[in-house]
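Hydrogens, waters and symmetry mates are skipped; everything else that's a heavy atom, side chains included, is used. Everything quoted here is computed from the prediction, not taken from an experiment. Chain A is the first sequence line, chain B the second, and so forth, proteins listed ahead of strands; every chain is numbered from 1.
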2 protein chains.
Amino acid sequence: MSEDTEQPSRGPQLSEQVAQRLSDAIQAGEWGRGARLPTEAALGERFGISRSVVREAISMLRNGGLVTSRRGSGSFVAESPTVSLRLAIPDPGLQSVVEVLELRRPLEVEAARLAAERHTPSQLRRIRNAMVDIDEAVEAGLSGVDQDLAFHRAIAEAANNAHFTAVLDFYNRFLHHAIRVTRTNESLREAFMQQVVAEHQAILDAIAGGDADAAACAAATHLAHAEARLRQAPTDLLERVEAQRGSTSTSSTEPTGGNPR
Amino acid sequence: MSEDTEQPSRGPQLSEQVAQRLSDAIQAGEWGRGARLPTEAALGERFGISRSVVREAISMLRNGGLVTSRRGSGSFVAESPTVSLRLAIPDPGLQSVVEVLELRRPLEVEAARLAAERHTPSQLRRIRNAMVDIDEAVEAGLSGVDQDLAFHRAIAEAANNAHFTAVLDFYNRFLHHAIRVTRTNESLREAFMQQVVAEHQAILDAIAGGDADAAACAAATHLAHAEARLRQAPTDLLERVEAQRGSTSTSSTEPTGGNPR
DNA sequence: TTTAACATCTTGTCTGACAAATTTAGCGCA
DNA sequence: TGCGCTAAATTTGTCAGACAAGATGTTAAA
């Protein structure tokens with residue numbers, strides 16, 4: 001009655017358990033980076049499962065970026081393994097947007113502070129260019145949402161810490177979705193854009209001058225105002241959200257609209 | 001010469017092609033949210049491939065958060081599709097740890113602020129319990145890293161914004177690895193733990209008292225000190241990192257160690 | 001009408017086989 | 001010995017068929 005195999009506790013998903021245990025083993029360093037892990041047959045014997053399940057498990061790790069497989073050669077721990085943060089795309093509504101902004105505020109404030117301290121000349125140039133792009137887009141009758149996000153991204157890049165750009169990029173994806181909904185609010189557009197331009201200018205000046213505290217303060221002010229602007233048209237936003245649900249194809253470069261940023 | 005199957009162009013990865021085409025079909029709206037997609041056998045016939053490949057393809061989509069499968073029922077387009085942030089795990093070194101801490105600092109400070117304003121009684125209780133757990137772990141001779149991270153996580157939960165816990169959890173995975181490396185630094189342990197406990201207490205008191213600014217300030221102080229403590233043993237850390245590279249098996253629950261948090 | 005047993009369907013897992021690509025071993029040859 | 005080529009062994013990718021586990025729908029009985 002000797003059992004050499006690591007007994008899998010029976011649970012909902014066998015392949016999932018195996019994937020988890022393999023992932024743990026890799027992250028625990030059982031096989032170093034780039035190392036070849038045992039053959040599918042060997043792993044099947046080790047875990048007491050069939051090759052199918054091993055393949056499903058490895059498939060999960062491969063999709064997760066933890067391993068790569070080469071036919072005829074084997075499966076290898078990825079040279080630069082990745083971990084992934086997955087987030088359900090919420091129903092775009094005021095509440096979820098506010099929650100995202102709540103997270104972004106401290107990040108952007110800190111990014112502005114770091115940018116003031118660390119920016120290179122070329123990074124500063126890119127921030128300036130992004131501001132010009134916003135102007136041009138607005139004058140061309142576009143919403144300028146993309147350009148606005150690019151402006152903030154340029155600041156994050158100037159912080160010279162890849163994690164800031166990674167997280168902010170991540171959240172941009174559905175902030176973009178959400179903001180797009182508000183951009184037809186023509187009535188508020190003029191007043192908004194003046195404010196936005198002034199606030200952007202303040203951030204840029206502080207960064208260019210290397211004043212970290214001023215940059216952080218300017219960014220905080222800008223984001224607080226942005227949230228206030230967003231709250232100003234909640235009913236309109238929610239209506240449009242409801243209308244847009246289920247539409248299969250949304251053209252992504254339509255003109256006009258008030259941009260709360 | 002009639003071919004009812006959609007011919008798969010032969011390329012590097014057959015299952016990958018199928019996954020791509022399925023993904024396209026879903027995003028094109030062929031099957032709406034929550035809809036059941038054809039059985040694996042039917043898809044196999046449609047694409048002219050075996051069930052194995054269909055399963056691999058669906059596995060990819062499942063891992064991508066695009067579909068969910070229920071045994072006995074079928075595979076369904078996900079109700080709430082997800083986006084994922086994938087990030088390469090850097091070589092564990094002082095620099096990368098510092099970069100992560102740089103990102104965490106503003107997040108944790110803001111989380112502490114929000115927690116002070118929004119915490120429920122049960123959430124406050126969990127924070128208290130986490131502090132007790134740290135004490136017990138340390139007295140038991142453990143590093144208390146897990147418990148320490150749990151303490152910070154409890155604070156993030158009390159902020160009542162899921163994005164904070166999501167991002168912090170995501171980055172905890174690095175930190176856990178990196179911090180583990182430093183915990184054999186026995187000499188610094190006693191002095192560190194006294195500091196850490198005092199700082200934790202200050203955060204907890206501010207949150208319990210509902211003083212948002214005090215909570216933010218206490219958290220900022222704690223994290224600044226944590227980083228300083230981490231920097232205090234850089235050579236030792238780097239040596240250990242180098243030594244650990246490629247080591248096959250690292251027991252993950254060893255006792256003792258100085259915890260910079 | 002409600003409930004329980006049953007038949008059917010679908011995904012999860014197992015087994016065995018072959019194809020395709022890579023790695024390794026062997027061998028001849030200089 | 002050292003080098004280049006060929007052939008064998010390995011390993012992942014794909015195919016095929018089968019059964020198990022769980023879900024769904026139908027039918028019969030109370």
Side-chain angles (χ1 to χ4, degrees), chain A residues 3-23 26 31 34-79, chain B residues 3-23 25-26 30-31 34-79:
Chain A
E3 280 291 350
D4 286 9
T5 63
E6 306 180 15
Q7 279 287 48
S9 67
R10 51 202 144 294
Q13 316 285 98
L14 183 52
S15 53
E16 210 167 303
Q17 296 174 38
V18 175
Q20 185 59 52
R21 292 170 68 176
L22 275 177
S23 171
I26 290 174
W31 305 289
R36 202 180 87 180
L37 39 89
T39 69
E40 294 173 349
L43 287 174
E45 192 167 350
R46 164 168 169 180
F47 291 112
I49 55 180
S50 74
R51 205 186 136 205
S52 314
V53 179
V54 175
R55 283 188 60 74
E56 286 244 4
I58 288 184
S59 168
M60 294 181 195
L61 301 187
R62 194 168 39 230
N63 289 327
L66 208 62
V67 309
T68 61
S69 299
R70 288 199 299 275
R71 165 191 254 174
S73 181
S75 292
F76 302 80
V77 179
E79 282 296 344
Chain B
E3 280 290 350
D4 285 9
T5 64
E6 306 181 14
Q7 280 284 49
S9 66
R10 51 203 148 295
Q13 316 285 96
L14 183 51
S15 53
E16 209 166 305
Q17 297 174 36
V18 176
Q20 186 60 52
R21 293 169 68 176
L22 275 178
S23 172
I26 290 174
E30 180 158 348
W31 305 288
R36 202 180 87 181
L37 40 90
T39 68
E40 295 172 348
L43 287 173
E45 192 168 350
R46 164 170 169 178
F47 290 113
I49 55 180
S50 74
R51 206 184 137 207
S52 312
V53 179
V54 174
R55 285 189 59 74
E56 287 244 2
I58 289 184
S59 169
M60 294 181 194
L61 302 188
R62 195 168 37 232
N63 289 329
L66 210 62
V67 307
T68 61
S69 299
R70 286 200 300 276
R71 165 191 242 163
S73 182
S75 291
F76 302 80
V77 179
E79 284 291 348

- Task: Using modelled atom types only, decide if a donor and an acceptor are shared between the side chain of R70(A) and the backbone of F76(A) within a distance under 3.5 Å.
- Result: no

- Atom pair distance, as rounded to whole Å: CD1 in I58(A) and P in dG13(D): 8 Å

Protein-nucleotides 16-23 of chain D N/O pairs under 3.5 Å:
from: dA18(D); atom 1: N6; to: R51(B); atom 2: NH1; distance (Å): 3.3
from: dG22(D); atom 1: N2; to: G72(B); atom 2: O; distance (Å): 3.1

- Message: Pair L22(A), L43(A) - check side-chain contact (heavy atoms from CB on, under 4.5 Å), show working.
- Response: CA-CA 9 Å; L22(A) 275 177; L43(A) 287 174; 4.1 Å; yes

- Are the side chain of R55(B) and the backbone N or O of E56(A) linked by a donor-acceptor pair below 3.5 Å? no

- Item | Distance, rounded to the nearest Å, where F47(B) contributes CZ and dT14(D) contributes P | 15 Å

- Give, for atom OG1 of T68(B) and atom CD1 of I58(B), the distance between the pair rounded to the nearest 0.5 Å. 10.5 Å

- Task: Evaluate salt bridge (charged side-chain N to carboxylate O under 4.0 Å, His left out) for R62(B) paired with E16(A), printing each intermediate quantity in order.
- Result: CA-CA 12 Å; R62(B) 195 168 37 232; E16(A) 210 167 303; over 6 Å; no

- Task: May I have the distance from L61(B) (atom CG) to dT11(C) (atom C1'), rounded to whole angstrom?
- Result: 15 Å

- Message: If I take atom CE in residue M60(B) and atom C1' in nucleotide dG13(D), what distance separates them, rounded to the nearest angstrom?
- Response: 11 Å

- Query: Is the phosphate of dT14(D), meaning OP1 or OP2, less than 4.0 Å from a side-chain N or O of R55(B)?
  - Reply: no

- Looking only at side-chain N and O atoms, does S15(B) come under 4.0 Å of OP1 or OP2 in dG13(D)? no

- Over how many whole Å does the gap from E56(B) atom CD to dT13(C) atom P extend? 13 Å

- Task: Rounded off to whole Å, could you give me the CD-to-P distance for the E40(B) and dT13(C) pair?
- Result: 11 Å

- Can you tell me the distance, in whole Å, between the CZ atom of F76(A) and the C1' atom of dT10(D)? 12 Å

- Considering heavy-atom distances to DNA chain C, does A41(B) or R36(A) have its closest nucleotide positioned more toward the 5' end? A41(B)

